[in-house]
Enquirer: 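Dumping the structure here so I can ask a few things about it.
Small disclaimer: the values here were computed from a predicted structure and weren't measured. Quick note on labels: first sequence line is chain A, next is B, and so on, each numbered from 1.
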Amino acid sequence: MAGVLGTSIKRREDPALITGRGKYTDDLLVEGMAHAAIVRSPYAHARIRGIDTSAAKTYPGVVAVLTARDVAAAGIPGMVPVGWLLPDLKTPAHPMIAADTVRHVGDAVAVVVAEDRYVARDAAERVAVDYEPLDAVADVVAALEDGAPTVHDDAPGNVAFDWEIGEKDPVDAAFAQAAHTVELDLRNNRLIPHAIEPRAALASYDSSTGVMTIHMTSQNPHVHRLLMTLASLGMPEHKVRIVAPEVGGGFGSKIHHYADEAIVGLCSLKLDRPVKWTATRTETNLTDAHGRDHSTHCAMAFDGDGRITGLRVDTKAAMGAYLSTFAPAVPTYLYGTLMSGQYDIPAIHCHVTGVFTHTAPVDAYRGAGRPEATFVVERLMHLAGEATGLGPIEVRKRNFVPADAFPYQTQVALAYDSGNYGPAMDRALEMIGYDDLCREQASRRGNGNGRRQMGIGFSSYIEACGLAPSAVVGSLGAQAGQWESADVRVHPTGSVTVYTGSSSHGQGHETTFSQIVADRLGVAPEAVEVIHGDTDLVQFGMGTYGSRSAAVGGSAIAGSVDKIIEKGKKIAAHLLEAAAEDLEYEDGSFRVAGSPDRALGLGDVALQAYLAHNYPDDLEPGLSATTFYDPANFTYPFGTHVCVVEVDTETGSIELLRYTAVDDVGNVINPMIVDGQLHGGLAQGIGQALWENAVYDDSGQLVSGSLMDYALPKIHNLIQFELDRTTTPCPHNPLGVKGVGEAGAIASPPAVVNAVVDALKPFGVTHIDMPLTPEKVWRAVNAD
Amino acid sequence: MTVSIQLEVNGKPVQAEVEPRRLLVHFLREDLGLTGANIGCETSLCGACTILVDGNAVKSCTMLAAQADGAAVTTIEGLARNGELHPLQDGFWEKHGLQCGYCTPGMILSANYLLEQNPSPSDEEIREGLKGNICRCTGYHNIVEAVKYAAERMS
C-alpha cells in the first residue's frame with residue numbers, strides 16, 4: 001500500500017495497554033500456582049558454612065525450600081553460562097544457587113515456594129544461613145590493586161580478560177610529534193537499567209507431557225530457551241517453551257539469562273506445578289545486570305592544523321561477580337571498535353582490562369559500549385576545541401570523515417558503510433540558534449562571571465548497530481549467530497501473518513512490521529498480523545537488542561515478502577497464461593506487463609496457491625516464505641546533538657534549557673515511533689549525565705538499591721526535546737534503515753557534560769565525572 | 001485473621017474478607033483480577049500502581065486493602081465509559097504517550113487527577129502534576145503532549 005512507509009500510524013499495541021488489558025508476566029494467574037521467594041546473600045563476599053531450612057520448611061503454607069544441594073540432587077547442569085568468549089577469557093563457574101561462596105549482595109542461596117506470595121516472603125526470612133563474611137572489593141580500580149580480595153580463585157588479580165585493538169606504535173609516534181594533545185581521566189558511572197516492570201517468571205511444568213512452559217520477561221525468548229536448557233535445566237530444547245507476554249521495558253536488562261528464572265524453572269520441575277516469581281525493585285537492583293562502570297585514561301594528539309593524529313585509550317571495565325550473557329563483548333567489540341567516532345583518525349589504540357568485582361554483573365544496557373566510547377571521543381573533542389583554539393564546531397568539522405570517503409575503513413576494525421556528517425551538524429546549529437546563544441553566553445560571562453552561567457555542549461556521535469554479520473561476530477567470540485528470522489504467511493483470503501524472531505518490549509514492532517509488509521506487499525496494514533515472543537509459535541529468532549529489529553528483523557520480513565511475490569508471479573503467470581518474467585507486481589496485483597487488464601489480485605493468487613487445482617507442475621502449494629537474514633555489515637546511525645544548560649554556580653544545580661538532536665537513522669518506517677525511541681534514549685543518557693548512579697560502599701553493599709536512592713529522571717527534571725533528521729539510507733539492507741533504539745542514550749551524556757563544562761569555563765573547570773550532582777559541580781567551581 | 005471490607009470498584013459493589021496486611025494493589029490484581037495497576041517498586045516512588053480512591057490519586061502499593069473499606073476505587077479498567085475511551089486514554093494513544101505501557105495506567109490516572117484539579121494546565125503544571133509517576137521509555141515528551149491533547153478535548 002503506497003504511502004504507508006514513513007507514516008506515523010498510531011500503534012496497534014496501545015488499545016490493550018491504555019485500558020489495562022495488556023498481560024505482563026506478573027498479571028498471569030494460573031490454577032494451582034505457587035509463589036517463589038529467593039533468599040539472597042546480604043554479604044558481598046562470604047563463605048556459606050551451613051543453611052538451616054527447617055524453620056522455613058515447617059512454616060504453614062510452605063511447599064518447598066531448595067538450596068544448591070537440591071540443584072545437585074536434581075542432576076541438572078545448574079549453571080548460568082556466558083555467551084561471548086574472548087581470547088584467554090577467564091570463565092569462572094556461576095552456579096544457579098551458590099553452594100559454598102557468595103560473591104555479591106543478592107547472590108541466590110535458597111528459594112522458598114509457598115501457596116501465597118506473602119507466605120513465601122515470610123518463610124524466606126526463616127531460612128537461616130550461616131555466613132563467614134570475607135573481604136570484598138566493589139570498585140573496578142581497587143580490584144586490580146595488589147592484595148585486593150579475590151573474587152574467583154581461577155581469575156588471579158581479578159582480571160577477566162586483557163584485550164586490545166588498534167596499533168600502539170603509530171599512536172606513540174603520533175603523540176611524539178603532536179602539536180597539541182589533550183588527555184582525560186574519567187569514570188563512566190555504573191547504571192541500573194530500571195525497566196519499570198521488574199523481572200518475573202511463571203514456570204509451568206507438566207509431567208504428563210514432559211513440557212515446561214516459562215512465561216518470562218524476555219527480550220529474546222529463543223536465546224533464553226537455549227541457555228536455560230543447555231546450561232541450567234538440562235532439559236531437551238524441544239520440551240521447553242518460553243513465552244514473553246507483554247514486557248514492560250528492557251533496555252538490555254532482559255536480554256541476559258539470569259539464575260532466578262532458572263531457579264523458578266527448577267521449582268516447577270521438582271514440584272510438577274506452576275510457580276511464579278516476581279522480583280521486587282530491590283531485587284532487580286541487586287541482580288539485574290548493571291551498565292557502564294569504566295575507569296578510563298584517554299588522550300588525543302593533533303597536528304598544527306587541528307587534525308587528529310592519534311587516539312590512546314586505556315580502560316578498566318567492571319564485569320561484576322560473574323560474567324553475564326554478553327558481558328565480555330560490551331567493553332571490547334562494542335566499545336573499542338567505536339573509537340574513531342565520526343572522525344578520520346589515522347592511529348588508534350585501545351586497551352581494556354575486564355575486572356571481576358564483588359557486585360552485580362555488568363552487561364549490555366541501552367547503547368552497551370557505544371555510549372562509553374562516544375563519551376571518551378566527544379569529551380576529548382570538547383577539550384580539543386579549547387586546546388587547538390578551533391572551538392567545538394570547527395575541530396569536529398575539520399576531522400569528520402568526508403562525505404566522499406565512504407565506505408570508510410577505521411583503524412579499529414569497523415568499516416562505515418555510509419555517512420554524511422556535516423549536514424546534521426549544520427542543521428543542529430541552525431535549530432539551536434548557535435550565534436544567539438554565543439552572544440547570550442558572552443554577555444553572562446562579561447557580567448563579572450555572574451551566578452547563572454550558560455553552557456553549550458556538542459556531541460557528534462556514531463554508533464554501530466543492527467547486530468550483525470554472524471561470521472564476523474563469530475570470529476570475535478560470539479557463541480551465537482546474529483541473523484534474524486521471519487516467516488511470512490499469506491492466507492487463502494490474502495491476509496497475512498508475520499512470525500518474527502524479533503521480540504518487542506515497547507518498541508511497537510507489531511505496528512512497524514505491519515507497515516513494512518503493507519508497503520512491500522501492497523496490502524493494508526490492518527491485513528497484517530504480527531506474532532512474536534513465543535518459542536512454540538515462532539521459528540528460532542535472535543530477539544531485540546542493539547537497535548537491530550528494524551534493520552535485521554525488518555529486512556528478514558522484507559526478504560520473505562519478496563520470495564512470496566516471486567512465487568506469486570509463477571502462480572499468476574500460470575493462471576494468466578503468461579511467462580513469469582513478464583509479470584509485474586504492484587499495489588497488491590500481479591499484472592502482465594503491457595496488458596493492464598490481465599491481472600490477478602494477491603487474494604486470488606493466494607486462494608489458488610492453497611487450492612492447487614489449476615497450478616504449475618513444478619511448484620509446491622501454499623504461499624508463505626521463511627527468511628533467515630544475515631546482514632552484510634553493521635549499520636551506522638549518526639548525528640549531532642546540542643545541549644544548552646544553565647548552571648547556578650552558587651548551588652551547583654543545573655537546569656536544562658534546550659536539547660536539540662539531529663539524527664540520521666536512515667529511512668524511517670514510522671516517524672512517531674522513531675521520535676519516541678529518541679526521546680526515551682535521551683532521557684536515559686541525560687539521566688546518566690546528571691542524576692543516575694549505582695553506588696556500592698567499600699564493603700560491597702549497594703547503597704542505591706531502591707528508588708529512594710537511585711535517581712531516575714522524573715518528568716519535572718526534563719524538557720521537551722527538539723528533533724530533526726537527515727536521511728542517509730543504509731546501503732546494504734533492503735529497507736535502507738539503520739536503527740534508532742540506542743542513539744539518544746549514546747549521544748547525550750557527553751553533550752550534557754560538555755555543556756556544563758562549557759558553562760564553567762570561566763572557573764577553569766575542564767571535567768566533572770558523571771553524574772553531575774550539585775555537590776560535584778559546586779566543588780569544581782570552588783576548587784583551588 | 002481477616003477483616004471484612006465493603007467498597008465500590010469501578011462502580012460495582014465489592015465485599016471481601018482480606019488479611020489485614022494485604023496491600024490494596026494485590027487485592028485488586030489478584031483477588032479481583034484487575035491487573036491494570038502494575039507494581040514497579042515497593043517504596044511508593046514509581047507510581048505504576050496509581051489508582052483513584054474517592055477521586056484522589058493514590059499509590060495502591062502502599063495502601064492496605066483494609067484501608068479501602070467504604071471507599072470508591074477507580075482503576076484503569078473503569079476509566080472508559082460505554083465503550084468510549086477516556087480522552088486521556090485517547091490522548092496517550094494519539095500522541096504516542098506510551099511504549100512498553102507498564103507505567104501507563106498509573107500515569108493516566110495521575111493525569112486524570114491533575115485535570116480534575118486543573119482542567120487546562122501549562123506544560124510546567126503537567127510536569128509538576130505527574131512527578132510522582134516514573135516512565136523509563138518515553139522521556140516524558142509525548143506524555144506532556146498526550147495530557148495537553150486530553151485537556152483540550154475535555155474543555
Enquirer: If you count heavy-atom pairs under 4.5 Å with chain A, which of B:G101, B:C46, B:G40, B:P105 comes out on top?
Expert: B:G40
Enquirer: Which one wins on heavy-atom pair count under 4.5 Å against chain B: A:G249, A:A16, A:G508, A:G680?
Expert: A:G680
Enquirer: For chain A, find which of B:K95, B:R29, B:M107, B:E77 contributes the most heavy-atom pairs closer than 4.5 angstrom.
Expert: B:R29
Enquirer: Is a salt bridge present between A:R21 and A:D27, judged by a nitrogen-to-oxygen distance below 4.0 Å?
Expert: no
Enquirer: Mind ranking B:L79, B:I108, B:L98 by heavy-atom pairs under 4.5 Å with chain A and telling me who comes out on top?
Expert: B:L98
Enquirer: Which atoms of B:H86 come close to chain A, meaning under 4.5 Å heavy atom to heavy atom: side chain ones, backbone ones, both, or neither?
Expert: neither
Enquirer: Pick one of side chain, backbone, both or neither for A:S706, based on which atoms fall under 4.5 Å of a heavy atom in chain B.
Expert: side chain
Enquirer: At a heavy-atom separation under 4.5 Å, does A:H505 approach chain B through its side chain, its backbone, both, or neither?
Expert: backbone
Enquirer: May I ask you to decide whether A:E692 forms a salt bridge with B:R136, counting only side-chain N to carboxylate O separations under 4.0 Å?
Expert: yes
Enquirer: Strictly by modelled atom types, are A:Q677 and A:H679 linked by a side-chain donor-acceptor pair under 3.5 Å?
Expert: no
Enquirer: Under 4.5 Å heavy-atom distance to chain B, tell me which part of A:L682 shows up: side chain, backbone, both or neither.
Expert: neither
Enquirer: Sort A:I719 into side chain, backbone, both or neither according to what part of it lies under 4.5 angstrom from a heavy atom of chain B.
Expert: backbone
Enquirer: Counting only non-hydrogen atoms closer than 4.5 Å, does A:T282 touch chain B with its backbone (N, CA, C, O), its side chain (CB onward), both, or neither?
Expert: both
